[in-house]
Amino acid sequence: MDIQQGGRVRVALIAVIAALSLSACTSEPEPSAAPQASAPVIVPGRPGEVARTVGPSEAATLVPLPTANAADVKYVQDMIVHHRQALDMSSLAPTRSEHTKLKGLASRIKDAQGPEIQFMTTWLQQQGQRVPEHHAGHGDMPGMATHEQMESLKAASGKDFDRLFLQLMTAHHQGAITMSEQVLTSGSHVRIEELANDVSVTQSAEIRRMQEMQAEL
């Protein structure tokens, strides 16, 4: 290779190196990794328990809940209305009943079903679903007392109140168990499955106690 050719090769190499340097300087930077989520996550508690807030690292280890279906939503909406009537009935016992055990039962019903209403209300809100109004109609829900039966209960006192309360509340509990059995076969959300099981177990035990009280009257 003569001097002239060597000069042309060096010029060509310098041009290539310059082009590569310019390309490196003007290329787009690699996109940075997406920032990690830092917002806290609200985790619903079991029925009757308050929700808790966990950090992103703990939330990442939690088992995701299954998606709720229409049966879950309907059960919760109906059970809120159902529970509210049980609280209305139980709130009459302290001033109308003369049966100590019945008053204690009514108090336990309020203590159990009040927090369950709060849980169900929060769950519906988290699912973006409608929360029933307080005086929503109950349609054909099993076990619900009619308006006339509720008025009779309000007007009764003493043993008459006790007999009617036990009759209506037993039917009411049996209706709640029926509703719970239905969602256990058609629902899909684990929290609602837990709620339905809790309702069935608790209210089955209370039915047995009410049957014992009826035998004492």
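All figures in this text were calculated on a predicted structure; none of them were measured in a lab.
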Item to complete: Drop me the distance from S97's OG to M213's CE, to the nearest 0.5 angstrom.
Response: 9.0 Å

Worksheet entry | Donor + acceptor pair across side chains of S186, Y75 (<3.5 Å) | no

Worksheet item: What distance do K103 atom NZ and T95 atom OG1 have between them, rounded to the nearest 0.5 Å?
Response: 8.5 Å

Practice prompt. Report the distance from atom NE2 of H82 to atom CG of D78, rounding to the nearest 0.5 Å.
Written response: 9.0 Å

Worksheet item: What distance separates Q113 CD from I80 CD1, expressed to the nearest 0.5 Å?
Response: 12.0 Å

Worksheet, complete the sentence: Scanning both residues in full, the closest heavy-atom pair of D88 with L92 reads O-CG, 3.5 Å

Item to complete: Take H147 and M150 through the test side-chain contact (heavy atoms from CB on, under 4.5 Å) and record every step on the way to the result.
Response: CA-CA 5 Å; H147 174 74; M150 288 298 295; 5.6 Å; no

Response to the item:
Minimal heavy-atom distance between S90 and M169, with the atoms involved, is OG-CE, 3.7 Å

Worksheet item: Which value, rounded to the nearest 0.5 Å, describes the distance between T146 atom OG1 and L168 atom CG?
Response: 8.0 Å

Worksheet item: Got Q167 and M210 here, is their nearest side-chain heavy-atom distance under 4.5 Å?
Response: no

Worksheet item: Do R209 and E212 meet the salt-bridge criterion of a basic N to acidic O distance under 4.0 Å?
Response: no

Worksheet item: Should E216 and K101 count as an ion pair when the cut-off is N to O under 4.0 Å?
Response: yes

Fill in: Candidates H172, H173, R208, Q174 - the one meeting side chain to side chain donor-acceptor pair (under 3.5 Å) with Q203
H173

Practice prompt. Please step through side-chain contact (heavy atoms from CB on, under 4.5 Å) for the pair I177 and E181, ending with a clear verdict.
Written response: CA-CA 6 Å; I177 293 170; E181 290 172 345; 3.7 Å; yes

Worksheet item: For M89 and I109, what are the C-alpha separation, side-chain angles and deciding distance, and is it a side-chain contact (heavy atoms from CB on, under 4.5 Å)?
Response: CA-CA 10 Å; M89 295 167 67; I109 290 172; over 6 Å; no

Practice prompt. Flag the pair V76 / T121 as yes when at least one side-chain heavy-atom distance between them is below 4.5 Å, and no otherwise.
Written response: no

Discussion item. Using a 3.5 Å distance criterion without hydrogens, assess whether the side chain of Q85 forms a donor-acceptor pair with backbone atoms of A145.
Written reply: yes

Response to the item:
NE2 of H99 to CG of L166, rounded to nearest 0.5 Å, is 7.5 Å

Worksheet entry | Parallel, tilted or perpendicular, as decided by the 30° and 60° cut-offs, for the rings of H189 and W123 | perpendicular

Fill in: Shortest non-hydrogen contact between R191 and F119, atoms and distance
CB-CZ, 4.0 Å

Worksheet item: Under 4.5 Å between any side-chain heavy atoms of Q77 and V73, yes or no?
Response: yes

Item to complete: Could you tell me which non-hydrogen atom of S180 sits nearest to which non-hydrogen atom of M79, and how far apart they are?
Response: OG-CE, 4.1 Å

Worksheet item: Do the side chain of R163 and the main chain of Q214 share a donor and acceptor less than 3.5 angstrom apart?
Response: no

Worksheet item: Any side-chain donor paired with an acceptor under 3.5 Å for D72 and S188?
Response: yes

Item to complete: Can you see which heavy atom on N197 is nearest to which on L184, and at what distance?
Response: OD1-CD1, 3.6 Å

Worksheet item: Looking at E98 and G158, what are the two nearest heavy atoms and their distance?
Response: OE1-CA, 3.8 Å

